[in-house]
Amino acid sequence: MSNSQIADIFDQVAALLEFQGANQFRVRAYRNAARTIRDYPEPIAVLAAEGAAKVSELPGIGEDLAKKCVTLVETGQLPQLVELQSQVPASVLALLRIPGLGPKKAAALHKELGINSLDELKAACEAGKVRGLKGFGEKTEKTILAGIGSAAAAGQRILWAEAEEIARDLALHMRGTPGIRELEFGGSYRRGKETIGDLDLLVVADSPAAAMDRFGAYPRVKEVIARGETKMSVRLDTGLQLDLRTVPEESFGAALQYFTGSKDHNVVLRGMAKSRGLKINEYGLYRVDGERETYLVGRTEKEIYDALHLPLFPPELREARQEFDWAAAGALPKLIEEEDIRGDLHMHTTATDGRGTLEEMVSAARQRGLKYIAITDHSKRVTMANGLDGPRLRAQWKEIDRMNCDLGDEFHILKGVECDILEKGGMDLPDDVLAEADWVLASVHYGQQQPKEQITARILEAVEHPSVTAIAHPTGRLLSRREPYAVDLEAVMQAALKHHKFLELNANPLRLDLNDVACAAAKKLGILLVINTDAHSTDQLTYMRYGILQARRAGLTREDVANTRTWPQLKKLLWRT
DNA sequence: GCCGTTTTCGGCCCGACTGTTTTCAGTCG
């Protein structure tokens with residue numbers, strides 16, 4: 001049983017317990033454990049095999065949850081969940097997805113009106129039955145009815161790159177307000193998460209009301225969800241929620257820290273403050289003496305972290321994963337930056353499905369300051385993309401040789417290919433062709449639905465192939481569109497380690513494959529990653545920054561990424577030299 | 001359900017906003 005499966009089960013237990021009105025801290029314990037397990041870089045199953053005591057060494061997992069992990073690994077089932085499911089119909093959990101409906105109200109609807117599904121809730125609202133319940137009124141009934149329609153859309157997350165577009169546009173719009181002194185986005189957007197649920201905007205303004213008016217006048221706003229003295233929420237035509245918060249100047253750092261999160265990071269931070277007789281809220285850091293609270297700092301984030309003797313954590317690390325342990329050990333990693341990248345080892349040209357010619361890709365890469373690139377067009381199996389066979393590929397390589405002569409020492413083009421791993425196993429090009437390449441990416445495009453054993457065996461075979469240098473987009477996922485294939489990533493990593501092969505972090509904002517947790521796991525094992533754009537046009541060479549964000553979330557430094565090396569250094573890392 | 005340089009019991013981050021109330025519970029982030 002995989003970590004994410006175990007985590008999902010604990011999350012289900014938490015949701016059902018919450019619905020039943022269980023102690024909120026007990027619910028939180030399950031959620032915390034789920035998150036810890038989901039983020040853990042090694043299989044929990046391995047720990048569970050050593051016994052519950054080993055599992056309970058993980059933070060937030062005590063004796064009870066450790067035993068449950070062992071049960072899950074051994075039997076694939078959790079009796080507690082089966083019991084809970086028999087008490088609460090699974091369909092009622094759908095009620096919790098409606099904005100404004102939490103566990104208490106949903107439980108009341110279920111208990112008082114016998115509502116078990118969204119359809120039944122809709123009927124009850126339309127019949128005016130809901131407004132009669134204690135704590136409900138006409139307005140709540142209306143909100144629920146409106147929420148049922150958007151329940152599917154709500155919770156939909158957008159790509160980080162899409163959020164960035166909106167954020168830039170909104171920032172431009174907001175800067176038109178007179179008296180805006182500070183403006184910054186927080187939340188998961190600032191932490192660089194691969195997908196974003198909503199956008200949080202923080203401003204210091206001479207007139208908060210004027211800022212809110214301007215916010216509400218943003219052309220794409222469809223409805224105002226809430227507006228108070230300092231806080232306003234709106235929804236865009238796409239369903240995306242935007243939150244605006246205004247704070248006084250002396251609170252800007254505290255508010256930015258608070259709204260950047262993550263929630264779990266803040267819980268730890270505030271707990272640390274509390275144990276030192278301090279208090280943190282979005283207005284600042286306070287000393288607490290009985291009833292008296294004295295403002296200490298809050299103008300900048302650094303002041304807040306300084307006061308707790310903590311480093312100014314890069315936002316990408318603020319997930320309550322390992323950052324506090326690193327800080328305590330004085331070993332916060334110096335995260336990789338885009339400037340560290342010297343080469344890009346995955347891109348396409350007009351020879352297959354790219355839109356830029358070989359010359360254009362080289363020229364654009366040089367303009368971006370890169371020192372080398374690999375041209376990695378598709379192999380022949382990818383017929384849709386006009387994939388290359390041996391002769392066409394060799395012709396391209398001949399052209400590259402000629403260009404390299406002209407370029408001299410300034411820039412180097414690697415003769416590469418993105419060679420398909422065939423459905424039945426084996427590579428899509430003959431060994432003698434692959435042996436002539438400088439750089440061979442192996443990737444799966446077909447047979448993605450195959451069972452775990454089969455697809456893993458195919459990829460392992462590719463890892464072991466003497467000419468293959470790296471596995472491209474190792475799980476094949478497309479964010480919000482396609483699940484990863486059933487590959488046993490642990491096995492692939494072990495093989496990559498043994499055969500000194502690289503794994504790709506594909507920087508395409510729709511892929512970002514490997515994900516942050518897998519990248520951290522690879523680092524822990526000592527596998528080098530390559531961050532590549534997979535550019536299909538000159539514009540897409542800018543995708544590198546998305547890959548860098550993901551790498552930073554994984555805690556990667558420049559040492560963990562092979563294409564921060566010069567080409568001669570990288571060449572030495574390849575097994576053939 | 002977890003956890004311990006206040007604690008093995010009694011805590012567990014903190015505040016804004018809404019709707020339904022008439023002082024507050026629920027929801028959200």
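Here is how names work: the chains are called A, B, and so on, in the same order as the sequence lines, proteins then strands, and each is numbered from 1.
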Given that A:Gly271 and A:Glu229 both sit by DNA chain B, which one's nearest nucleotide is further toward the 5' end?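 Closer to the 5' end of DNA chain B: A:Gly271.
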Nearest whole angstrom, please: distance from the [atom2] of [N] to the [atom1] of [X].
X        : N      : atom1 : atom2 : answer
A:Gln24  : B:dC2  : CD    : P     : 16 Å
A:Glu138 : B:dT20 : CD    : C1'   : 12 Å
A:Met272 : B:dT6  : CE    : P     : 13 Å
A:Phe25  : B:dC9  : CZ    : C1'   : 15 Å
A:Lys274 : B:dC3  : NZ    : P     : 18 Å
A:Leu269 : B:dG15 : CG    : C1'   : 16 Å
A:Leu285 : B:dG15 : CG    : P     : 13 Å
A:Glu63  : B:dT8  : CD    : C1'   : 13 Å

Separation of the [atom1] atoms in [N] and [M], to the nearest angstrom:
N      : M      : atom1 : result
B:dT5  : B:dG1  : C1'   : 24 Å
B:dC2  : B:dT8  : C1'   : 12 Å
B:dT18 : B:dC12 : C1'   : 27 Å
B:dT23 : B:dC17 : C1'   : 16 Å
B:dT7  : B:dG11 : P     : 13 Å
B:dC13 : B:dT21 : P     : 30 Å
B:dG26 : B:dT20 : C1'   : 11 Å

Review point. Where does B:dT5 land, syn or anti, given syn is within 90° of 0?
Key: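 It is anti.
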To the side chain of [X], which of [options] is closest?
X        : options                : answer
A:Lys279 : B:dC2, B:dG15, B:dC13  : B:dG15
A:Tyr30  : B:dC17, B:dA16, B:dG1  : B:dG1
A:Asn281 : B:dG15, B:dC17, B:dG19 : B:dG15
A:Ala226 : B:dC17, B:dC2, B:dC12  : B:dC17
A:Lys139 : B:dG19, B:dC2, B:dC13  : B:dG19

Between [X] and [Y], does any side-chain N to carboxylate O distance fall below 4.0 Å?
X        : Y        : result
A:Arg299 : A:Glu182 : yes
A:Arg190 : A:Glu301 : yes
A:Arg38  : A:Asp11  : yes

Students often get this wrong, so: under 4.0 angstrom with heavy atoms, is [X] touching a base, only sugar-phosphate, or nothing?
X        : value
A:Asn23  : base
A:Glu141 : nothing
A:Ser233 : nothing
A:Lys142 : nothing
A:Ile280 : sugar-phosphate

Using a cut-off of strictly less than 4.0 Å, decide whether [X] has a side-chain nitrogen or oxygen near OP1 or OP2 of [N].
X        : N      : value
A:Thr140 : B:dT18 : no
A:Arg131 : B:dG19 : no
A:Tyr283 : B:dC13 : no

Practice prompt. Rounded to the nearest 0.5 Å, what's the gap from CG on A:Asp206 to CD on A:Glu249? Could you check?
Written response: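 Reported value, rounded in 0.5 Å steps: 8.5 Å.
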(request) Could you grab the distance from atom OG1 of A:Thr238 to atom CG of A:Leu236, nearest 0.5 Å is fine? (result)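 It comes to 4.5 Å.
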Could you let me know what B:dT8 is paired to, Watson-Crick or G-U wobble, both distances under 3.5 Å, or none if it's on its own?
->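 Base-paired to nothing in any strand shown.
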Exercise. Do A:Phe324 and A:Phe313 have ring centroids that are under 6.0 Å from one another?
Worked result: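 When the ring centroids of A:Phe313 and A:Phe324 are compared, they turn out to be within the sub-6.0 Å range.
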- Has the side chain of A:Arg552 got a donor or acceptor atom that lies under 3.5 Å from a matching backbone atom of A:Pro315?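 Side chain of A:Arg552 to backbone of A:Pro315, a donor-acceptor pair under 3.5 Å: no, none is there.
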**Message:** By the definition side-chain hydrogen bond (donor to acceptor under 3.5 Å, both in side chains), identify the one residue from A:Glu194, A:Glu319, A:Glu316 that meets it with A:Arg553.
**Reply:**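 So, applying the side-chain hydrogen bond (donor to acceptor under 3.5 Å, both in side chains) to A:Arg553 and each of A:Glu194, A:Glu319, A:Glu316, only A:Glu319 qualifies.
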- Query: So which pairs with a foot in residues 134-147 of chain A pass side-chain hydrogen bond (donor to acceptor under 3.5 Å, both in side chains), sequence neighbours left out?
  - Reply: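 Every pair satisfying side-chain hydrogen bond (donor to acceptor under 3.5 Å, both in side chains) with a residue in residues 134-147 of chain A: A:Arg131-A:Glu141.
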- Applying side-chain hydrogen bond (donor to acceptor under 3.5 Å, both in side chains), which residue pairs with at least one partner in residues 62-77 of chain A are found, sequence neighbours left out?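 The answer is A:Tyr30-A:Lys68, A:Asp64-A:Lys68, A:Lys68-A:Gln80.
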Each nucleotide of nucleotides 21-29 of chain B classed B (base within 4.0 Å of a protein heavy atom), S (only sugar-phosphate) or -, in 5' to 3' order, makes -----SSSB
